[in-house]
Amino acid sequence: MSQVSRVLIQGAGIGGLVAATALAQRGVHVDVVEHRPAGSVLGVGLNQPGNALRVMQEIGVLDDCLAAGYQYRELRMVAPDSTTVVDFPPPDHPGVPPNNGIQRSELCRILLGAARGAGARLHHGVTLSTVQEDEDGVYADFTAAVEGASVSEAGRYDLLLGFDGIRSRVRRHLYGDRYDAEYTGFACWRISLPRPEQLERVVYAVSGQVKATLIPLSDTDCYVALVLQEHIGGRRDAAEVADRIRVLLGEFTGWVGELAGQVSGQAASAAYSPVEQVTVREPWFRGRIAVAGDAAHASSPHMAQGAAMAAEDAVVLAQCLDSAEPLDKALHTWWERRMRRAGFVQDYSAALLRTESGTPTPDDEELLKLPIPAAQARLAEPY
């Protein structure tokens with residue numbers, strides 16, 4: 001690889017674990033540090049579109065993902081009364097299904113197994129303490145982030161990767177506060193519910209200011225996300241979030257509205273977060289340190305591509321490091337391959353968000369002349 005034999009990854013989310021697997025499969029020594037304790041998974045469920053499934057195929061876990069998830073083809077828009085408005089046919093992704101809904105906990109279990117199976121070392125409850133860089137490498141040591149966590153030894157690495165999300169410490173190390181997360185003015189309320197028989201594909205519904213996204217995750221479960229323009233700061237306990245979700249689902253009638261009656265029994269899975277955006281407007285690396293995934297380009301959830309973009313970042317980085325180019329050139333090649341594609345997802349998602357709230361900009365209106373099927377087809381192109 002491009003002068004890389006030891007890599008440290010901060011963040012054991014989807015992008016970090018894909019990167020750990022892809023690099024370890026190439027013989028790289030990989031350490032992954034994650035501040036959350038083992039078994040702790042943020043989020044409820046997600047859709048894996050075909051481009052994400054191509055990544056899973058590349059690292060050898062496609063069959064595991066399909067066995068744990070729920071496959072379907074088209075996306076459907078329904079009216080506030082749950083009647084069908086239009087179906088959006090998916091683009092073809094040779095060799096993989098168009099979409100797979102999966103519990104985030106199941107996906108993380110699969111990716112953890114793949115990373116460990118490839119030889120990566122995972123350190124949970126631990127975070128970076130000191131980072132010192134020079135022309136030849138990065139020295140890092142770690143401290144316990146949760147009580148009782150064992151602290152890994154300090155080490156010297158050829159490359160440090162920050163797949164550590166919207167609040168990325170690695171990004172702040174590189175750029176200070178220049179690219180801190182920007183609040184979009186919207187919030188997302190999420191919960192896992194029993195799957196109604198009518199939910200056999202991703203369904204979108206809009207009633208007033210509330211957009212509902214429903215994703216089948218298995219024969220028995222589904223994921224519901226409700227996005228609207230509001231700001232509620234601070235933490236909320238699950239019961240309070242569940243009450244709010246019940247009210248928001250009450251904006252709909254038909255089978256979508258009937259899901260409100262299922263919320264009480266599933267309150268433990270309820271979660272709330274503001275919708276934030278991160279846009280690093282310069283190369284995502286400096287020297288031997290880089291950021292990727294949400295740490296570099298977090299977007300609103302409107303294209304259901306956040307996890308897919310992080311996974312693509314990871315495998316494309318591994319591909320670029322396969323070259324004989326010097327490291328700086330390999331990283332620049334990676335950034336150039338990824339910036340336009342991730343930027344398109346970010347811009348299109350933001351345009352959908354603002355348009356649905358009645359506040360589109362002229363640039364949004366111009367971008368959305370590209371219909372949703374055409375936008376999805378663009379992401380069926382090679383990453």
Side-chain angles (χ1 to χ4, degrees), residues 13 40-47 75-82 101-105 107 165-167 181-196 198-199 202-218 221-278 294 298-307 349-350 352-359:
S40 174
V41 177
L42 292 179
V44 180
L46 73 158
N47 179 47
L75 313 183
R76 175 168 290 177
M77 176 70 73
V78 303
D81 65 357
S82 303
I102 190 170
Q103 291 280 4
R104 193 172 288 263
S105 58
L107 180 56
I166 286 179
R167 309 273 179 252
E182 303 169 2
Y183 174 57
T184 64
F186 289 75
C188 185
W189 306 81
R190 308 179 303 277
I191 195 168
S192 180
L193 295 175
R195 183 181 71 84
Q198 299 93 332
L199 185 61
V202 167
V203 167
Y204 297 108
V206 178
S207 181
Q209 291 293 309
V210 182
K211 178 177 183 177
T213 301
L214 301 93
I215 302 175
L217 302 177
S218 69
D221 300 313
C222 73
Y223 166 54
V224 178
L226 300 139
V227 176
L228 68 157
Q229 192 169 10
E230 65 177 359
H231 176 64
I232 300 179
R235 295 183 178 274
R236 295 290 183 273
D237 63 37
E240 185 178 2
V241 174
D243 287 341
R244 180 62 172 155
I245 290 172
R246 189 181 303 106
V247 170
L248 295 176
L249 283 171
E251 296 287 320
F252 302 88
T253 58
W255 66 267
V256 175
E258 290 170 1
L259 289 170
Q262 303 284 340
V263 170
S264 294
Q266 305 292 321
S269 69
Y272 154 83
S273 62
V275 177
E276 296 175 296
Q277 183 167 307
V278 170
D294 281 354
S299 66
S300 76
H302 283 61
M303 287 192 76
Q305 282 282 341
S349 298
L352 287 172
L353 179 146
R354 286 188 290 264
T355 298
E356 290 167 0
S357 69
T359 59

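These numbers come from a predicted model, not from an experiment. All heavy atoms count here, side chains included; hydrogens, waters and symmetry mates do not.
- Rounding to the nearest 0.5 angstrom, the gap separating the CG atom in Leu199 from the CG atom in Leu217 is 8.5 Å.
- A distance of 9.0 Å separates SG of Cys188 from NE2 of His302, quoted to the nearest 0.5 Å.
- Between Ile166 and Ala298 the shortest heavy-atom distance is CG1-CB, 3.7 Å.
- The two residues Val210 and Phe252 have their closest heavy-atom pair at O-CZ, 3.7 Å.
- Rounding to the nearest 0.5 angstrom, the gap separating the CG atom in Leu226 from the OG1 atom in Thr213 is 8.0 Å.
- The two atoms that bring Ala242 and Ala267 nearest to each other are CB-CB, 3.7 Å, heavy atoms only.
- Here the closest heavy-atom approach between residue Val275 and residue Tyr183 is recorded as O-CD1, 3.7 Å.
- Pairing each heavy atom of Val202 with each of Pro216, the nearest pair is N-CD, 4.0 Å.
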- Message: Determine whether Val263 and Val224 satisfy the following criterion, side-chain contact (heavy atoms from CB on, under 4.5 Å), listing intermediate values before the conclusion.
- Response: CA-CA 10 Å; Val263 170; Val224 178; over 6 Å; no
- Task: Tell me, with the steps shown, if Arg246 and Ser264 meet side-chain contact (heavy atoms from CB on, under 4.5 Å).
- Result: CA-CA 8 Å; Arg246 189 181 303 106; Ser264 294; 2.8 Å; yes
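- Evaluated for a side-chain contact (heavy atoms from CB on, under 4.5 Å) with Ser82, the options Val256, Val203, Leu259 yield exactly one hit, Val256.
- Separation of atoms OH (Tyr223) and CZ (Arg104) is listed at 7.0 Å; rounding is to 0.5 Å.
- The side chain to side chain contact (heavy atoms under 4.5 Å, CB included) search around Asp81 returns Ala79, Thr83, Thr253, not counting sequence neighbours.
- Applying the side chain to side chain contact (heavy atoms under 4.5 Å, CB included) criterion to Gln229, with sequence neighbours excluded, gives Phe186, Gln209, Ser357.
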- Going through the checks in order, is the side-chain contact (heavy atoms from CB on, under 4.5 Å) test met by Trp189 and Val247? CA-CA 11 Å; Trp189 306 81; Val247 170; over 6 Å; no
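- A distance of 11.5 Å separates CZ of Arg190 from CD1 of Ile215, quoted to the nearest 0.5 Å.
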- Message: Working note: Ile245 + Leu249, criterion side-chain contact (heavy atoms from CB on, under 4.5 Å); need CA distance, chi angles, decisive distance, verdict.
- Response: CA-CA 6 Å; Ile245 290 172; Leu249 283 171; 4.0 Å; yes
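- In this structure a side-chain-to-backbone donor-acceptor pair under 3.5 Å is missing from Ser192 to Ser269.
- When side chains are defined from C-beta on, Glu230 counts as touching Arg244, because their heavy atoms get closer than 4.5 Å.
- Atom SG in Cys222 sits 9.5 Å away from atom CD in Gln103 (nearest 0.5 Å).
- In terms of heavy atoms, Leu193 sits closest to Gln262 at CD2-O, 3.7 Å.
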